[in-house]
Protein chains: 2
Amino acid sequence: MAAAPAIRLAVDAIVFGYREGRLFLLLIQRRFGATKGMWALPGGFVLSSEGLTTAVHRELKEETGIAVKWMEQLFTFGDDVHRDPRGRVVSVAYFALVDPSALKPHADTDASAADWFPLDELPKLAFDHSTIVRTALDRLRAKLTYQPIGFELLDRDFAFSDLETLYTTILERPLDRRNFRKKFMALGLLKATGKSRQLGSGRPAQLFRFDRKSYETLQQKGIFLDLNAG
Amino acid sequence: MAAAPAIRLAVDAIVFGYREGRLFLLLIQRRFGATKGMWALPGGFVLSSEGLTTAVHRELKEETGIAVKWMEQLFTFGDDVHRDPRGRVVSVAYFALVDPSALKPHADTDASAADWFPLDELPKLAFDHSTIVRTALDRLRAKLTYQPIGFELLDRDFAFSDLETLYTTILERPLDRRNFRKKFMALGLLKATGKSRQLGSGRPAQLFRFDRKSYETLQQKGIFLDLNAG
DNA sequence: ACAAAAGTGTTCGCTTTACACCCATGT
DNA sequence: ACATGGGTGTAAAGCGAACACTTTTGT
């Protein structure tokens with residue numbers, strides 16, 4: 001076969017943030033082209049000299065100023081030949097989880113703005129980015145049941161109730177507090193810090209921290225954390 | 001951003017076949033270029049006018065003569081900039097399961113040969129195709145535990161023991177016959193045909209057929225079929 | 001009769017689930 | 001004292017795992 005026709009390859013980043021019981025999505029406002037002014041996922045074209053993973057990290061950094069440690073490949077979108085008005089663009093989507101309070105996005109050259117949006121109040125998105133976000137959400141929910149998450153989304157020290165709220169927020173359904181705590185504790189990836197925290201009234205909550213080693217081990221292994229009722 | 005540099009986009013097909021207690025992989029022998037004479041996964045460059053899924057099906061058909069109904073996107077390989085000696089090529093890998101007895105591969109213009117290889121006797125593969133195959137195998141094994149498979153791999157009518165052998169072959173470990181049967185039957189996706197079959201001596205086996213409707217339903221839903229001991 | 005493959009139930013232990021009250025602190 | 005959020009135990013049911021013999025046929 002001769003040289004391939006000009007398909008352009010892009011990467012997109014779905015960055016979920018969690019704060020105070022709400023899930024957020026990181027978006028940028030497009031500065032150029034037919035989609036100028038619309039909100040979209042951070043992303044852009046892959047350079048021929050860089051790997052895909054490098055490319056997403058670079059684009060994310062360039063467009064929002066945010067650096068994340070880890071992104072997971074989600075899916076490659078390229079069945080619809082017209083998904084991008086600029087021509088044939090195939091996009092490899094990656095997703096990440098971060099604590100948004102630590103990361104103030106700032107717009108850069110390619111974006112006129114960058115900001116966090118609550119998941120239930122997303123603006124209309126450019127391209128097929130709504131589909132991509134939906135796919136990412138599905139994956140995130142599925143991921144909860146076979147891998148621990150939270151490390152990237154919570155403060156270093158957190159109360160158990162923070163973890164519970166995180167899970168109920170993502171799953172959009174309640175969990176049984178006792179059962180959830182029992183199961184999660186049994187995984188042995190939380191360390192008590194000895195410290196405690198109090199918000200207004202109520203009994204102070206003891207603070208925990210993830211044990212990084214076991215956390216990463218469990219992430220690899222694919223554990224079970226059946227979460228029907230918690 | 002200006003026009004993207006010339007990255008070429010390819011698709012590769014990992015087609016697993018199952019027959020008589022063995023897993024096979026469909027390979028083609030490369031006819032051109034630096035990898036001439038080597039075995040590789042069927043695949044090739046995506047045309048700018050076609051979707052990714054269309055592209056894999058087309059390439060598979062062109063190179064091996066085999067048409068499959070369904071392929072699942074596996075992963076996109078593009079972190080290694082030098083994975084292809086022809087330049088920068090990013091490949092979207094898809095995998096499929098078929099009954100190889102119904103599908104005699106024949107080489108076509110781009111391949112000098114196409115054939116089934118037992119998984120444990122693969123030749124050295126071109127590019128990073130060994131890595132891709134390994135990834136596909138991991139996925140296939142994982143898939144077994146949350147989705148029913150078998151429909152695509154067995155004859156329309158099959159004995160229960162065929163199904164059992166299929167599972168033990170893929171998982172490479174024995175299953176408890178009684179438990180496996182109990183669980184699988186409980187899913188309610190097998191219909192008795194009333195017919196039976198006998199191979200040499202031994203009690204004849206009654207033949208089953210998949211109930212297509214429930215099969216597809218369960219594939220969507222993501223069911224649980226814990227298979228530690230079967 | 002024996003060899004070969006198909007078919008079938010029960011028991012035990014663990015995990016999941018459902019469920020409600022007390023604790024520590026602030027106001 | 002009451003409001004607020006944090007923290008805890010137990011019993012019942014269901015599921016997964018382990019385990020061996022009988023049936024039907026050919027030779």
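What you see is a predicted model, and the numbers here were worked out from it, not measured in a lab. Sequence lines set the chain letters: A, B, ... in the order given, protein chains first and strands last, and positions in each chain run from 1.
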(message) Quick check: any donor-acceptor pair below 3.5 Å linking the side-chain of A/Arg178 to the base of C/dA20?
(response) yes

(message) Is it the case that atom CZ in A/Arg134 sees more than 12 heavy atoms from other parts of the structure closer than 6.0 Å?
(response) no

(request) Tell me, yes or no, whether the heavy-atom count around B/Arg141 atom CZ, taken from other residues, nucleotides or ligands under 6.0 Å, exceeds 12. (result) yes

(message) Rounded to whole Å, how long is the line connecting atom CG of A/Asp162 with atom P of D/dG5?
(response) 13 Å

(message) Given D/dG26, C/dG7, D/dG16, identify the nucleotide with an atom nearest to the side chain of B/Gln198.
(response) D/dG26

(request) Could you check which of D/dG7, C/dT25, D/dA20 has an atom nearest any side-chain atom of B/Arg177? (result) D/dA20

(message) Regarding C/dT10, can its base be found pairing with the side chain of B/Lys182 as donor and acceptor, where the two atoms are less than 3.5 Å apart?
(response) yes

(request) In whole angstrom, give the distance that lies between atom CG of B/Leu175 and atom P of D/dG16. (result) 14 Å

(request) Please determine which of A/Arg19, A/Arg209, A/Arg197, A/Arg156 meets the salt bridge (Lys or Arg N to Asp or Glu O under 4.0 Å) test together with A/Asp162. (result) A/Arg197

(message) What is the distance, to the nearest angstrom, from the CZ atom on B/Arg197 to the P atom on C/dA6?
(response) 7 Å

(message) So, does A/Gln206 get its side chain near the phosphate of D/dG6, meaning an N or O under 4.0 Å from OP1 or OP2?
(response) no

(message) Under 4.0 Å from OP1 or OP2 of D/dG6: is there any side-chain N or O of A/Ser161 that close?
(response) yes

(message) Counting only side-chain heavy atoms from C-beta out, which of C/dT8, D/dA18, D/dG9 sits nearest to B/Asn179?
(response) D/dA18

(request) Could you state the atom-to-atom distance from CZ of B/Arg173 to C1' of D/dA17 in whole Å? (result) 13 Å

(message) Could you tell me how far apart B/Leu163 (CG) and C/dG7 (P) are, to the nearest whole angstrom?
(response) 12 Å

(message) I need the CZ-C1' distance between A/Phe208 and D/dG6, as an integer number of Å.
(response) 10 Å

(request) Establish, with yes or no, whether the OP1 or OP2 oxygen of C/dA5 is under 4.0 angstrom from a side-chain nitrogen or oxygen of B/Ser201. (result) no

(message) Please determine whether a side-chain nitrogen of the Lys or Arg among A/Glu152 and A/Lys69 lies less than 4.0 Å from a carboxylate oxygen of the Asp or Glu.
(response) no

(request) Return the value, rounded to whole Å, for the distance between atom CZ of B/Phe184 and atom P of C/dT8. (result) 16 Å

(request) Return the nearest nucleotide to the side chain of A/Lys183; candidates are C/dG7, D/dT24, C/dT17. (result) C/dT17

(request) Just compare C/dT25, D/dG5, D/dC19 and give me whichever is closest to any side-chain atom of A/Arg203. (result) D/dG5

(request) Find the distance A/Phe160:CZ to D/dG6:C1' and express it as a whole number of Å. (result) 12 Å

(message) Closer than 4.0 angstrom, basic N to acidic O: yes or no for B/Arg30 and B/Glu63?
(response) no

